[in-house]
Amino acid sequence: AISCLFFAKLCNVEIFPIELVVLILTVWIIYTLDHLMDARGLTRPASTKRHRFHQLNFSAIRGWLFVAGIVNVILVCFIRRPLYLTGGALTLMICFYFLFQRRQEAFKEVAGAVLYMSGVLIIPLTLFNGMVSYEKVIIIFQFGCIVLTNLLLFALFDEQTDKNDNHLSFTISFGPTTTRNVLVALFVMSASLSIVQLLWLRFALGANIVLTTMNVVLFFVFIKRSCVEK
């Protein structure tokens with residue numbers, strides 16, 4: 001939701017509170033449904049605390065998930081009409097994700113990043129008047145690199161627990177060394193885009209500072225991952 005507001009500010013687009021609530025509920029529903037599906041497939045206690053929480057409270061969370069879904073459907077009726085078409089397209093993408101989740105294997109994190117970016121950008125870009133400038137495209141791409149970095153860090157940290165619970169991930173498919181190499185490439189790419197914006201574009205300096213800070217924080221998490229894993 002905060003990321004959505006970030007891009008709305010960048011595009012000078014006003015977001016109504018009810019649209020933000022719909023986005024929040026939708027993200028929670030997707031996240032929770034994904035974890036419930038993972039927990040249901042386990043025959044023993046989950047290896048991670050978050051999956052174990054969904055496993056132990058499966059029935060209660062499923063009930064709240066149903067309530068959230070009903071509330072969300074009602075609230076959708078009050079959002080602006082232009083969002084219906086793009087929202088419907090995103091809904092189809094989400095359904096496709098859940099139907100073929102087990103077949104995605106190595107690209108689960110990439111699919112997750114695409115869906116996340118789509119959810120973040122759907123309101124600002126749908127309601128934005130005019131052409132999206134190349135400066136905005138660079139910021140969107142840089143943000144996408146940060147999103148993928150975050151998901152790949154999770155995959156790297158959860159390598160052993162994913163193996164224990166038979167969960168698929170990029171790290172499980174390609175190994176930790178390849179994951180680390182991809183992460184380094186993403187860090188370099190994001191840093192390079194920050195320098196390009198700072199030296200040549202000079203567009204949305206505040207946005208550049210925010211994204212650079214996010215990248216730096218993730219980089220320190222990466223190099224100090226042994227402390228995080230403990």
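The shown structure was predicted, so the numbers you read here are calculated from the model rather than taken from an experiment. The first residue of the sequence shown is numbered 1, and numbering continues consecutively from there.
Looking only at side-chain heavy atoms (C-beta outward), Ser173 and Leu168 stay at 4.5 Å or farther from each other. Under the 4.5 Å side-chain criterion, counting only non-hydrogen atoms from C-beta, Met37 is in contact with Leu33. Within the 4.5 Å cutoff, the side chain of Val217 has no heavy atoms near those of the Met214 side chain. No side-chain heavy atom of Phe170 sits under 4.5 Å from any side-chain heavy atom of Lys108.
Taking the ring pair (Phe, Tyr, Trp, His ring centres under 6.0 Å) definition, one finds that Tyr31 meets it with His35, sequence neighbours left out. In this structure, the side-chain hydrogen bond (donor to acceptor under 3.5 Å, both in side chains) partners of Asn164, at least two apart in sequence or on a different chain, are Gln160. Listed by chain and residue number, Asp165 satisfy the salt bridge (charged side-chain N to carboxylate O under 4.0 Å, His left out) test with Arg44 (two or more places apart in sequence, or in another chain). Under the side-chain contact (heavy atoms from CB on, under 4.5 Å) criterion, Val73 pairs with no residue, sequence neighbours left out. For Thr126, the side-chain contact (heavy atoms from CB on, under 4.5 Å) partners are Pro82, Leu83, Thr86, Ile122, not counting sequence neighbours. Looking at residues two or more places apart in sequence or on another chain, you find a side-chain hydrogen bond (donor to acceptor under 3.5 Å, both in side chains) between Thr171 and Thr179. Residues passing the ring pair (Phe, Tyr, Trp, His ring centres under 6.0 Å) test with Phe219, sequence neighbours excluded: Phe187. For Val27, the side-chain contact (heavy atoms from CB on, under 4.5 Å) partners at least two apart in sequence or on another chain are Leu23. Every side-chain contact (heavy atoms from CB on, under 4.5 Å) that Asp158 has, sequence neighbours left out, goes to Arg50, Phe154, Thr161, Asp162.
For CG of Asn12, the number of neighbouring non-hydrogen atoms (other residues, nucleotides, ligands) closer than 6.0 Å is 12 at most. Crowding of Phe66 atom CZ: a count of heavy atoms from other residues, nucleotides or ligands under 6.0 Å not exceeding 12. The environment of CZ in Phe53 is sparse: at most 12 heavy-atom neighbours from other residues, nucleotides or ligands sit within 6.0 Å. Annotation for Leu92: atom CG counts as buried by contact number, over 12 foreign heavy atoms lying within 6.0 Å.
Atom CZ of Phe220 and atom CG of Asn215 lie 11.0 Å apart (nearest 0.5 Å). Between the CD1 atom of Ile15 and the CD1 atom of Ile123 there is a distance of 5.0 Å, given to the nearest 0.5 Å. Between the CE atom of Met189 and the CD1 atom of Ile146 there is a distance of 12.5 Å, given to the nearest 0.5 Å. Rounding to the nearest 0.5 Å gives a distance of 11.5 Å between CG of Asp34 and CD1 of Ile94. Put simply, OG1 on Thr32 and CD1 on Ile61 are 7.0 Å apart, with the number rounded to the nearest 0.5 Å. One finds the OG1 atom of Thr177 at 7.0 Å from the CG atom of Asn181 (value rounded to the nearest 0.5 Å).
Judged as a side chain to side chain donor-acceptor pair (under 3.5 Å), the pairs with a partner in residues 61-79 (not counting sequence neighbours) are, in order, Thr26-Asn72. Applying the salt bridge (charged side-chain N to carboxylate O under 4.0 Å, His left out) definition to pairs two or more places apart or across chains, those involving residues 9-25 are Glu19-Arg80.
Cluster membership check: Val76 shares its hydrophobic cluster with Phe78, using side-chain heavy-atom separations under 4.5 Å among Ile, Leu, Val, Met, Phe, Trp and Tyr. Val210 is not connected to Ile2 by any chain of hydrophobic side-chain contacts under 4.5 Å among Ile, Leu, Val, Met, Phe, Trp and Tyr, and they are in different clusters. In the hydrophobic cluster analysis, where Ile, Leu, Val, Met, Phe, Trp and Tyr join through side-chain heavy atoms closer than 4.5 angstrom, Ile70 is grouped together with Leu75. Leu125 and Val137 fall within the same hydrophobic cluster, where Ile, Leu, Val, Met, Phe, Trp and Tyr residues are linked whenever their side-chain heavy atoms come under 4.5 Å apart, directly or through other members. In the hydrophobic cluster analysis, where Ile, Leu, Val, Met, Phe, Trp and Tyr join through side-chain heavy atoms closer than 4.5 angstrom, Ile223 is grouped together with Phe157.
If you check the side chains of Glu135 and Gln197, you find no donor sitting under 3.5 Å from an acceptor.
Closest approach of Lys163 to Ile172, counting heavy atoms only: CG-CD1, 3.4 Å. Closest non-hydrogen pair, Ala46 versus His51, comes out as CB-CB, 3.6 Å. Between Ala8 and Pro124, the closest heavy-atom pair is N-CG, 3.8 Å. Shortest non-hydrogen contact noted between Arg52 and Ser47 is NH2-O, 3.4 Å.
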For this session: Begin from the C-alpha positions of Cys11 and Lys136 and carry the test side chain to side chain contact (heavy atoms under 4.5 Å, CB included) through to its verdict.
Result: CA-CA 8 Å; Cys11 297; Lys136 290 185 177 69; 4.1 Å; yes

For this session: Just do the side chain to side chain contact (heavy atoms under 4.5 Å, CB included) check on Phe222 and Thr149 with the steps written out, would you?
Result: CA-CA 10 Å; Phe222 173 67; Thr149 298; over 6 Å; no

Exercise. Yes or no on side chain to side chain contact (heavy atoms under 4.5 Å, CB included) for Ile79 and Phe16, after CA distance, side-chain angles and deciding distance?
Worked result: CA-CA 8 Å; Ile79 65 175; Phe16 294 167; over 6 Å; no

Exercise. Run the side chain to side chain contact (heavy atoms under 4.5 Å, CB included) check on Val120 and Phe6 step by step: do they pass?
Worked result: CA-CA 9 Å; Val120 165; Phe6 171 85; over 6 Å; no

Exercise. Yes or no on side-chain hydrogen bond (donor to acceptor under 3.5 Å, both in side chains) for Ser194 and Gln142, after CA distance, side-chain angles and deciding distance?
Worked result: CA-CA 8 Å; Ser194 292; Gln142 184 180 4; 2.7 Å; yes

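At distances below 3.5 Å, at least one donor-acceptor pair connects side-chain atoms of Tyr84 with backbone N or O atoms of Cys77. A distance-only check finds no donor-acceptor pair linking the side chain of Ser190 to the backbone of Leu186 [under 3.5 Å].
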Counting only pairs under 3.5 Å, give me each side-chain donor-acceptor contact of residues 112-119, with atom names and distances, residues two or more places apart or in other chains.
residue : atom : partner : partner atom : Å
Tyr116  : OH   : Ser3    : OG           : 3.3
Ser118  : OG   : Val114  : O            : 2.7

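Relative ring orientation between Phe143 and Phe7 is described as perpendicular, the plane-to-plane angle rising above 60° on a 0-90° scale split at 30° and 60°.
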